[in-house]
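Everything below concerns the one structure shown next.
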2 protein chains.
Amino acid sequence: MKLEQAIQSNKFKNETQKAALNVLYTAWWLKTSMSKGLKEFGLTHEQYNVLRILKGKYPEQICVRDIACRMIEKNSNVPRIVDRLEIKKLVKRTTSQFDKRETVITLTQSGILLLEASTKSIDQNMETLSVLNETESAQLNKLLEKMRSLEE
Amino acid sequence: MKLEQAIQSNKFKNETQKAALNVLYTAWWLKTSMSKGLKEFGLTHEQYNVLRILKGKYPEQICVRDIACRMIEKNSNVPRIVDRLEIKKLVKRTTSQFDKRETVITLTQSGILLLEASTKSIDQNMETLSVLNETESAQLNKLLEKMRSLEE
DNA sequence: AACTAATACATGTATATACATATAAATTAA
DNA sequence: TTAATTTATATGTATATACATGTATTAGTT
């Protein structure tokens, strides 16, 4: 769907302004698609993101700060997301032996199982959705990274 | 900044998967940049979006449903965003004469003034941030719209 | 006309973002 | 070694998203 239809507007100053809105809208669309798939596993998009980060290091442990700096949305309140994962017994919190300020998070067995099942479903979903080939995707990555080149 | 640095990971299955994450991260980055600029006006990103939609039709009135379908994030809770704009006296709520179920929203004079000031600041900010030229932006728009082509 | 269904909005709840502040532990400075 | 500073996490508050439910009004059906 063209952006014009999606947000019922065609008053863009130029292609650059439209591109910014298009990125925002596409991100919303992607998140929504993912969330739909995650629903049957009782996970939110963000909880899934945290589980994936933990999996990436498993069986190595990882502290809250390290999770935070790997999150896509940098202002995520990781302790609170971990709260919910802990209630569902998908992760375990422990105080680090080496630095008692640090809280170390570990995936539980059921966390691993749920992540595997949901990842399979999500990846399949993404596979179906992805109409861009590798060359186009690479081009998109290049443009997005150029767009962000003034990032501090 | 490369996505790899931003989220401290280089374990992407392929360029297509990376592109999805890159869109999500870029959207977060854009929102954050915009929000910083809006802060001095006491507006959130979403409140600003609603004000812009109202401006787009001004002086014509527009109901809550029409605002909602023009929002970038389609699940926005428009009545609640309007609540906050109303408290700040930036908009006015009236029940439609033609259909008493509809709530019609109008910009107040101070809403218009605030929007003008903030738009000027935001546009200037965006101008500075935009390193993509028109051709590149058009290419980006094309890729994003292709990415979403399976949209229902 | 009375009943049913649909629509528009408001409101409630859970979770998240964004940011400020509090608390405990570790590091550095005096 | 004590005091000050920094760091890691938790917690509080306002606003937002996501979705369910409630309520009033309109439209449609019998």
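Residues meeting the salt bridge (charged side-chain N to carboxylate O under 4.0 Å, His left out) test with B/Glu127, sequence neighbours left out: A/Lys13. Every residue two or more places apart in sequence or in another chain was checked for a side chain to side chain donor-acceptor pair (under 3.5 Å) with B/Lys92, and none qualifies. Remark: A/Glu86 pairs with A/Arg93 by the side chain to side chain donor-acceptor pair (under 3.5 Å) rule, at least two apart or across chains. Residues satisfying the side-chain contact (heavy atoms from CB on, under 4.5 Å) test with A/Thr16, not counting sequence neighbours, are A/Asn14, B/Ser130, B/Glu134, B/Ser137. Legend: residues meeting side-chain contact (heavy atoms from CB on, under 4.5 Å) with B/Ile122, ordered by chain and number and at least two apart, are B/Met34, B/Leu38, B/Tyr48, B/Met126. Here A/Lys89 pairs with nothing under the salt bridge (charged side-chain N to carboxylate O under 4.0 Å, His left out) rule; sequence neighbours left out. With sequence neighbours left out, the side chain to side chain donor-acceptor pair (under 3.5 Å) criterion links A/Glu136 to B/Lys146.
Taking a cutoff of 4.0 Å between a charged side-chain nitrogen and a carboxylate oxygen, A/Lys18 and B/Glu145 qualify as a salt bridge.
Phosphate proximity of C/dA16 to A/Thr44: present, with a side-chain N or O under 4.0 Å from OP1 or OP2.
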Practice prompt. Could you check A/Ile112 against A/Thr108 for side-chain contact (heavy atoms from CB on, under 4.5 Å), going step by step and ending with a plain yes or no?
Written response: CA-CA 6 Å; A/Ile112 294 170; A/Thr108 63; over 6 Å; no
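For residues 52-60 of chain B, proximity to DNA chain C is found at no residue, defined as any non-hydrogen atom under 4.0 angstrom from a strand atom. If you check residues 114-122 of chain A against DNA chain D, you find no residue with a heavy atom closer than 4.0 Å.
Considering only side-chain atoms of B/Asp99, the nucleotide from C/dC9, C/dA16, D/dT26 that sits closest is D/dT26. Among the nucleotides C/dA25, C/dC9, C/dA16, the one closest to the side chain of B/Val64 is C/dC9.
The number of heavy-atom neighbours closer than 6.0 Å to NZ of A/Lys88, taken from other residues, nucleotides and ligands shown, is above 12.
Mapping B/Glu102 and A/Gln47 onto DNA chain C by nearest heavy atom places B/Glu102 at the nucleotide closer to the 5' end. Along DNA chain C, the nucleotide nearest B/Arg65 and the nucleotide nearest A/Phe98 are compared for position; the residue whose nucleotide lies closer to the 5' end is B/Arg65.
The separation between B/Leu85 atom CG and D/dT15 atom P is 11 Å, rounded to whole Å. Rounded to an integer number of Å, the gap from OH of A/Tyr48 to C1' of C/dA16 is 19 Å. Taking atom CG on B/Asp66 and atom P on C/dA8, their separation rounds to 9 Å, with Å as the unit. Rounded to an integer number of Å, the gap from NZ of B/Lys88 to C1' of D/dA14 is 11 Å. D/dT25 atom P lies 15 Å from atom CD of B/Gln97, rounded to whole Å. When rounded to the nearest whole Å, the span between CG of B/Leu38 and P of D/dA16 equals 11 Å. Summarising the geometry, the separation between CZ on B/Phe41 and P on D/dT15 is reported as 19 Å, rounded to the nearest angstrom. We find that CD1 of B/Ile62 is positioned 10 Å from P of C/dC9, with the value rounded to whole Å.
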Protein heavy-atom contacts under 4.0 Å, written 5' to 3' over nucleotides 17-24 of chain C as B (base), S (sugar-phosphate only) or - (none), form the string BBBS----
Quick one: side chains of residues 65-74 of chain B, donor-acceptor pairs under 3.5 Å with protein atoms, not counting sequence neighbours, listed by atom name and distance.
residue, atom, partner, partner atom, Å
B/Arg70, NH1, B/Asp66, O, 3.2
B/Glu73, OE2, B/Lys31, NZ, 2.8
B/Lys74, NZ, A/Ala6, O, 2.6
B/Lys74, NZ, B/Cys69, O, 2.8
B/Lys74, NZ, B/Met71, O, 2.6

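Listed by first and then second residue, the salt bridge (Lys or Arg N to Asp or Glu O under 4.0 Å) pairs involving residues 101-117 of chain B are B/Asp99-B/Arg101 (not counting sequence neighbours).
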